Amino acid sequence: MNVELVGRVLSTLPEDDEHPYRTGPWRPQTTEWNADDLEVVEGEIPADLDGVYLRNTENPVHPAKKYYHPFDGDGMVHVVGFRDGKAFYRNRFVRTDGFLAEMESGGALWAGISEPPQIAERDGWGARTRMKDASSTDVVVHRGVALTSFYQCGDLYRLDPYALTDLGKESWNGRFPSDWGVSAHPKADERTGELLFFNYSKQAPYMKYGVVDENNDLVHYIDVPLPGPRLPHDMAFTENYAIMNDFPLFWDPEMLAKGVHAPKFHRDIPSRFAVIPRRGTTEQIRWFEAEPTYALHFVNAYEDGDEIVLDGFYQGDPEPDDIETGDRWRRAFRFLALDRLQARLHRWRLDLNTGLVKEQQLTDTITEFGMLNGRYAGQGYRYAYAATQAPGWFVFDGLVRHDLKDGTEERYTFGDGVYGSETAMAPKVGSAGEDDGYLVTITTDMNADASYCLVFDAARVADGPVCKLKLPERVSSGTHSTWAPGADLRRWRTSDDAAAAIGL
Ligand SMILES: [Fe+2]
């Protein structure tokens with residue numbers, strides 16, 4: 001392994017930090033690395049694995065003004081790239097406007113999600129306003145460029161997906177909606193080259209939906225009027241439709257009128273889904289009502305005759321009670337605990353003829369952060385690959401391959417003290433079927449005080465990894481990730497660009 005320490009940032013976090021989401025598996029890094037020819041610890045790198053696994057991370061550099069929440073951390077992207085039986089690694093901070101300003105000031109300038117916006121020293125970003133756009137939530141690839149995002153809506157920051165070179169902010173040829181920003185989970189449709197997105201705000205109409213085409217032009221942008229400010233996190237799409245949501249978990253309107261942002265689950269208000277023709281108008285939006293819940297993430301959606309099938313993670317208890325015993329941190333962060341939220345894979349069938357919704361719990365197993373073979377996004381599919389969580393904590397202790405056709409599951413547990421990431425599905429070069437590929441994840445191994453990239457055969461998850469690669473140092477636990485096939489990336493590249501510089 002050839003390792004180069006590229007840089008180090010000055011952290012002002014305390015040496016004796018007690019915050020569970022800044023210590024242990026969540027201990028942030030201050031270092032940026034380049035590593036080539038990664039050391040293979042177990043197995044071998046599959047020769048038909050070609051592309052990059054990108055993972056974003058909440059990696060704080062400064063203490064919060066008052067209360068740190070793990071969603072507030074500064075963005076850091078990790079990439080593990082594969083080709084011809086070799087692998088490399090890079091990691092870089094996302095140099096957002098907020099990150100750079102706080103590096104200059106030497107401390108927090110904005111309010112986190114657990115803090116009142118009023119304590120921010122400057123105007124900022126986000127639907128909640130006066131937050132730092134840390135761009136630490138998700139990473140997607142569109143037109144061969146990695147885009148990092150912020151769940152509260154902000155800019156999209158562009159990175160070279162191999163070298164993680166900072167390419168500045170996305171402008172969409174001058175039409176980026178900077179007033180509202182873009183939410184966490186824009187959807188790249190590999191089949192059309194489009195990027196679908198939504199954003200939200202405390203101002204009417206509260207939500208908008210847009211389409212960016214393969215030329216990077218914002219070709220469609222419409223209002224999706226809601227009854228009031230909402231907290232949508234994800235969307236879905238089919239071949240012909242985009243699907244937005246209006247879940248009954250939102251800021252209490254009376255408290256909001258006093259400037260207090262208190263999310264409340266309204267158990268008597270139905271969930272609603274908006275079905276919009278992908279280039280449709282506001283007038284063409286059709287709303288469908290379903291059981292009250294909150295879903296943080298969807299896996300996929302597709303059309304089946306006159307129905308739209310929508311799969312996501314239904315929360316049985318979106319507002320878990322505070323149990324007045326036990327660890328105070330665990331109590332404080334119970335909204336991050338999938339076992340408390342009772343998050344399970346769920347199917348909604350939206351009937352375009354009747355306007356009615358049929359619902360079905362697909363499994364008893366508690367999972368979230370589901371991924372699929374990207375070529376099947378918006379299409380009929382069979383397999384979802386999701387994360388299991390250590391009870392009570394926002395760390396992933398294993399992964400599950402859900403077979404949605406026969407209802408079976410295959411599970412792999414990382415082992416005590418080892419935590420994974422959202423696991424992306426990488427189709428093999430020349431793959432023949434939906435699960436003909438690999439699952440890729442990065443672990444934080446507290447026993448070995450190290451991090452590894454694990455590669456699984458997607459069809460044989462329970463067998464354990466077929467390859468284990470060592471990274472230069474232990475990295476913080478993290479969540480959202482993506483896979484970008486090498487052939488797709490090379491379509492967008494010239495011979496003298498950064499990829500050539502690192503031998504790909
Ligand atoms: Fe998310």
Side-chain angles (χ1 to χ4, degrees), residues 1 35-55 78-90 162 367 369-376 381-388 396-403 408-448 450-472 474-475 477-478 481-489 503-504:
M1 177 162 63
D36 293 320
D37 288 324
L38 294 184
E39 179 191 344
V40 179
V41 179
E42 288 174 26
E44 58 183 88
I45 301 171
D48 52 4
L49 183 56
D50 175 11
V52 294
Y53 172 76
L54 293 153
R55 194 200 81 179
H78 302 267
V79 59
V80 183
F82 300 87
R83 193 174 182 189
D84 297 333
K86 288 185 172 181
F88 69 86
Y89 168 81
R90 304 279 184 275
Y162 289 106
T367 59
F369 296 87
M371 301 287 271
L372 80 160
N373 182 332
R375 292 176 187 163
Y376 292 76
Y381 76 117
R382 179 169 177 177
Y383 302 105
Y385 312 96
T388 57
F396 300 147
D397 64 359
L399 58 107
V400 173
R401 171 185 184 263
H402 294 280
D403 182 332
T408 59
E409 294 171 2
E410 253 196 58
R411 180 187 283 236
Y412 181 80
T413 303
F414 297 120
D416 286 347
V418 182
Y419 307 105
S421 317
E422 188 173 66
T423 300
M425 199 282 178
K428 287 177 186 170
V429 174
S431 68
E434 186 185 336
D435 69 342
D436 189 20
Y438 301 98
L439 303 182
V440 185
T441 198
I442 289 175
T443 62
T444 300
D445 186 328
M446 300 304 291
N447 306 317
S451 276
Y452 302 94
C453 176
L454 303 184
V455 179
F456 296 79
D457 181 334
R460 301 168 66 91
V461 170
D463 290 359
V466 298
C467 177
K468 180 175 180 179
L469 301 160
K470 195 164 193 292
L471 304 187
R474 195 183 95 207
V475 308
S477 177
S481 72
T482 194
W483 172 263
D488 294 356
L489 294 177
L504 290 163

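As the structure is a computational prediction, the values presented were derived from the model and not from experiment.
- F82 contributes atom CZ, which lies 4.0 Å from atom SG of C453 (distance to the nearest 0.5 angstrom).
- Between T443 and S451, the shortest heavy-atom contact is O-OG, 2.7 Å.
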*Given side chain to side chain contact (heavy atoms under 4.5 Å, CB included), test F414 with Y419 step by step and report yes or no.*
CA-CA 7 Å; F414 297 120; Y419 307 105; 5.8 Å; no

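- To the nearest 0.5 Å, atom CD of residue E434 and atom CG of residue N373 are 6.0 Å apart.
- L471 contributes atom CG, which lies 9.0 Å from atom OH of Y452 (distance to the nearest 0.5 angstrom).
- Shown here for L399 and T423, the closest heavy-atom pair between the two residues is CD2-OG1, 3.9 Å.
- The two atoms that bring V440 and A426 nearest to each other are CG2-CB, 4.3 Å, heavy atoms only.
- Shown here for R375 and P427, the closest heavy-atom pair between the two residues is NH1-CB, 3.8 Å.
- Y383 and Y385 have parallel rings, their planes meeting at less than 30° on a 0 to 90° scale where 60° marks the start of perpendicular.
- Side-chain atoms of D36 and Y89, non-hydrogen and from C-beta on, never get closer than 4.5 Å to each other.
- Summarising the geometry, atom CZ belonging to F88 is positioned 11.5 Å from atom CG belonging to D37; distances are rounded to the nearest 0.5 Å.
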*Would you sort out whether H78 and L54 count as a side chain to side chain contact (heavy atoms under 4.5 Å, CB included), showing the intermediate values?*
CA-CA 6 Å; H78 302 267; L54 293 153; over 6 Å; no

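- No side-chain heavy atom of V80 sits under 4.5 Å from any side-chain heavy atom of V52.
- In terms of modelled atom types and a separation under 3.5 Å, the side chain of E39 and the main chain of K470 share no donor-acceptor contact.
- Rounding to the nearest 0.5 angstrom, the gap separating the CG atom in L49 from the CZ atom in R83 is 12.0 Å.
- Surrounding CG of N447 are more than 12 heavy atoms belonging to other residues, nucleotides or ligands, all under 6.0 Å away.
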*side chain to side chain contact (heavy atoms under 4.5 Å, CB included) assessment of V400 paired with T388*: CA-CA 7 Å; V400 173; T388 57; 3.5 Å; yes

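- The local environment of NZ in K86 is sparse, with at most 12 non-hydrogen atoms from other residues, nucleotides or ligands closer than 6.0 Å.
- Looking at Y53 and S421, their side chains come closer than 4.5 Å, going by heavy atoms from C-beta outward.
- A distance of 7.0 Å separates CD in E410 from CG in D463, rounded to the nearest 0.5 Å.
- Nearest heavy-atom pair across A458 and M425 is CB-CE, 3.9 Å.
- Test D403, D436, D435 against R382 for salt bridge (charged side-chain N to carboxylate O under 4.0 Å, His left out) and you get one pass: D403.
- Within the 4.5 Å cutoff, the side chain of R401 has no heavy atoms near those of the R411 side chain.
- Relative ring orientation between F456 and Y412 is described as perpendicular, the plane-to-plane angle rising above 60° on a 0-90° scale split at 30° and 60°.
- Residues R55 and E422 are not in side-chain contact: their nearest non-hydrogen atoms beyond the backbone lie 4.5 Å or more apart.
- Considering all non-hydrogen atoms of both residues, T367 and H402 come closest at OG1-NE2, 3.1 Å.
- A distance-only check finds a donor-acceptor pair linking the side chain of T444 to the backbone of V475 [under 3.5 Å].
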